[in-house]
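Quick notes on the structure that follows.
In the text below, chain A, chain B and the rest are named by the order of the sequence lines, each starting its count at 1.
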Amino acid sequence: MGGVRVVPVGERACLVEVEDAAAAASLAASARAWRIRADDIVPAATTVLFDGCDPAEVEAALPLLDRESPGDSGASVVLRVSYDGPDLGRVARHWGCSTDEVVARHTGTGFTSLFCGFAPGFAYLGGLPAELAVPRLDAPRSRVEPGSVALADRWCGIYPTASPGGWLVIGRTDAVLWDAERVAPALLAPGTRVRFEALR
Amino acid sequence: MSIEVLDPGPLSTLQDLGRPGWAHLGVARAGALDRGAAALARRLAGGAVDDAVVETTLGGIVLSVRRAVTLAVTGARCEVRVGSRQVAHGAALTVPAGSVVTVGPALDGVRSYVALAGGIAVDPVLGSRSTDTLAWVGPPRLAAGQVLAVGRPVRWPEPPAAVVVRSREAVLRLRPGPRRDWLTPGAWEALDGASYDVAPDSDRIGLRLAGPVVERRAGELPSEGMVLGAVQLPPSGQPVVFLADHPPTGGYPVVGVVEDADLDLCAQLRPGDPVVLRTG
């Protein structure tokens, strides 16, 4: 498999390095479908961690695994957002457009959950083009409200619970992103397609 | 059958073997930090291998037992009292109904474990009764006045197969980590025999080490999956060993991984304790 490297992590884990988050999400989904034995399979920005596995078994299975179909888990979600976040104007300045245009671009983008991290149910949603990347706040806020829809770099993310955070908050949704009692605890599990709709 | 928490001490939580399989949704694995001590307590009390036990932190815990029950206290050495009578640490004891069991402050080490025959029967969250202190998934930390149900014993108590005696010097053996190449030349070799102190902000998430700066190149990695025992190296050059409640992903390079057999020791190191690293 071209462009893929396997790096050992201690005795019972390995990292598989791939091109990008979409390839990582695809490879992780494919490894689950193939029932690759591991306690945890964790896709991230450019890697997939196989934790609690036989690294040789993972390496042997790599040629079977698909890196080109992220987001084919079948799940898709529409989130209704009030675009009244404190950083909406800041994002408009970065993008060189009006705040209405920020809303139009955000609702016009098809996002895919590529991996989770930071907090239970916090999904890194990919889909923004490189030219719309935005920097994080210089100093993170000590409290970001749950349901805050935010941008950083080329990612969009939604805070499932109140927490400190440095992403630019553009709006707010009532969707329950994390509920441990639910059959699928994370609303935006890796592979889920996401669209945003403006509440007016 | 139930027990009541009279005084939870500074931090007491329920812990079992943790909740593997949810890291891809951002959930830490949790589970008893000193796995050997927790297993010994379950075996002594007569519990299943995945029973929830109480994990204390430095200050112990006081429990009131509503009916006669067999229990055992292991891990950090401490005074154990039933009423005013001192009883053995590291042994099974059957206490009568109405007893107050006092697990005293740790005399050395950090975390003591209390197992009861039948285990503690709170509802599992995502398949586990462990408390994750990073995102507080699982049962909340124990609080005064809380009543905990105790399950039905499924096994007879067993004497321990062997008593584990720890060496006096805390040594953590490291294997090369996936980002060892972020170290400057010679830095890995310099870690062999390097001496650190345990920093005061160490917790269930990570054992923070204070000492010689480990030289690494600048920058940050894109976030990637982290394992138990990962030795992360932030720009400060002060290593952090990831323990059970570590975040599932992180952006600092993992330059080493602590040998699995040495992780229980990490659970019992106190702020200020010396630690020697071995990379040979």
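- In this structure, A/Cys116 and B/His24 have side chains that are not in contact, with every pair of non-hydrogen atoms separated by 4.5 Å or more.
- Around atom CH2 of B/Trp136, more than 12 heavy atoms belonging to other residues, nucleotides or ligands sit under 6.0 Å away.
- With a 4.5 Å cut-off on non-hydrogen atoms, B/Arg180 does not touch chain A at all.
- Options B/Leu228, B/Val254, B/Val227, B/Thr249 differ in how many heavy-atom pairs under 4.5 Å they form with chain A, and the most are formed by B/Val227.
- When each of B/Leu25, B/Leu126, B/Leu134, B/Val27 is tested with A/Pro120 by the rule side-chain contact (heavy atoms from CB on, under 4.5 Å), just one qualifies, namely B/Val27.
- If you run side-chain contact (heavy atoms from CB on, under 4.5 Å) between B/Glu224 and each of A/Val7, A/Val9, A/Thr47, only A/Thr47 comes through.
- Residue A/Leu15 touches chain B through its side chain alone, counting heavy-atom pairs closer than 4.5 Å.
- With values rounded to the nearest 0.5 angstrom, B/Ser223 atom OG is found 4.5 Å from A/Tyr124 atom OH.
- In this structure, A/Leu49 and B/Met226 have side chains that are not in contact, with every pair of non-hydrogen atoms separated by 4.5 Å or more.
- Only the side chain of A/Arg5 comes within contact range of chain B, with at least one heavy atom under 4.5 Å from a heavy atom of that chain.
- Taking 4.5 Å as the limit, every side-chain heavy atom of A/Arg12 sits out of range of all side-chain heavy atoms of B/Asp260.
- Only the backbone of A/Pro8 comes within less than 4.5 Å of a heavy atom of chain B; no side-chain atom from C-beta onward does.
- In terms of non-hydrogen atom pairs under 4.5 Å with chain A, the most contact-rich of B/Gly229, B/Pro178, B/Gly256 is B/Pro178.
- Between the side chain of A/Asp40 and the main chain of B/Ala23, a donor-acceptor pair closer than 3.5 Å is present.
- Of the two parts of B/Pro247, neither the backbone nor the side chain holds a non-hydrogen atom closer than 4.5 Å to a non-hydrogen atom of chain A.
- Salt bridge A/Glu17/B/Arg179: present, at least one basic N to carboxylate O contact under 4.0 Å.
- Using a 4.5 Å cut-off between heavy atoms, A/Ala180 touches chain B through backbone and side chain atoms alike.
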